[in-house]
Amino acid sequence: MEMKDAVKALAAIGHESRLTVYRLLVQAGPEGLPAGQLSEKTGIPPSSLSFHLKELVYAGLLTSRQEGRFVIYEARFESMAELLAYLTDNCCGGQPCAPTSVTACAPHAAARARRVNNLS
């Protein structure tokens with residue numbers, strides 16, 4: 001990850017509403033949530049929510065997909081893993097003290113792989 005990408009991601013989650021949305025989508029897992037449910041669960045009006053979702057997508061922390069007439073948003077776990085790896089690169093003066101890599105939860109990674117394979 002490059003510094004400009006890390007700054008973009010950190011700026012995106014550095015807002016209370018966007019952090020709330022991101023955490024909710026992490027909890028939802030690989031299935032994600034439709035924008036309407038995100039609005040209901042967070043109390044963020046749809047017009048404001050669309051702005052926040054756009055910022056999170058632009059930062060690479062979320063992805064969206066169309067399912068019928070709904071837009072489903074989901075957290076991109078691999079992007080957060082890259083951000084965490086970037087932030088902790090060379091921690092402890094280069095001495096081994098933490099896991100060398102951060103990976104997405106196995107159930108999330110497996111579900112995403114199934115969905116991608118179904119699209120092929």
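In what follows, every heavy atom counts, from backbone to side chain, and hydrogens, waters and symmetry copies are set aside.
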Any residue meeting side-chain contact (heavy atoms from CB on, under 4.5 Å) with Gln66, in chain and number order, not counting sequence neighbours: Val71

Value rounded to 0.5 Å, distance of CG in Leu61 from CD in Glu78: 10.0 Å

Output side-chain donor-acceptor pairs under 3.5 Å for residues 37-47, partner residues at least two apart or in another chain, one line each.
from	atom 1	to	atom 2	distance (Å)
Ser39	OG	Ile44	O	2.6
Thr42	OG1	Leu38	O	2.7
Thr42	OG1	Ile44	N	3.2

Minimum heavy-atom distance between Leu53 and Ala35, given as atom pair plus value: CD1-CB, 4.3 Å

Test side-chain contact (heavy atoms from CB on, under 4.5 Å) applied to Ala6 - qualifying residues, sequence neighbours left out: Met1, Leu83, Tyr86

For Val57, all residues meeting side-chain contact (heavy atoms from CB on, under 4.5 Å), sequence neighbours excluded: Leu62, Tyr73

Rounded distance (nearest 0.5 Å) linking atom CG of Leu25 with atom OG1 of Thr63: 11.0 Å

Point-to-point distance, once rounded to the nearest 0.5 Å, from NZ of Lys8 to CG of Leu10: 12.0 Å

Residue pairs involving residues 2-61 (criterion ring pair (Phe, Tyr, Trp, His ring centres under 6.0 Å); sequence neighbours excluded): His15-His52

Note: Arg18-Glu16 ion pair, threshold 4.0 Å (strictly below): no

Pairing residues for Ser79 by the side-chain hydrogen bond (donor to acceptor under 3.5 Å, both in side chains) criterion, not counting sequence neighbours: Arg76

Value rounded to 0.5 Å, distance of CG in Leu24 from CG in Leu19: 11.0 Å

Residues that, via side-chain heavy atoms closer than 4.5 angstrom, fall in one hydrophobic cluster with Ile72: Phe70

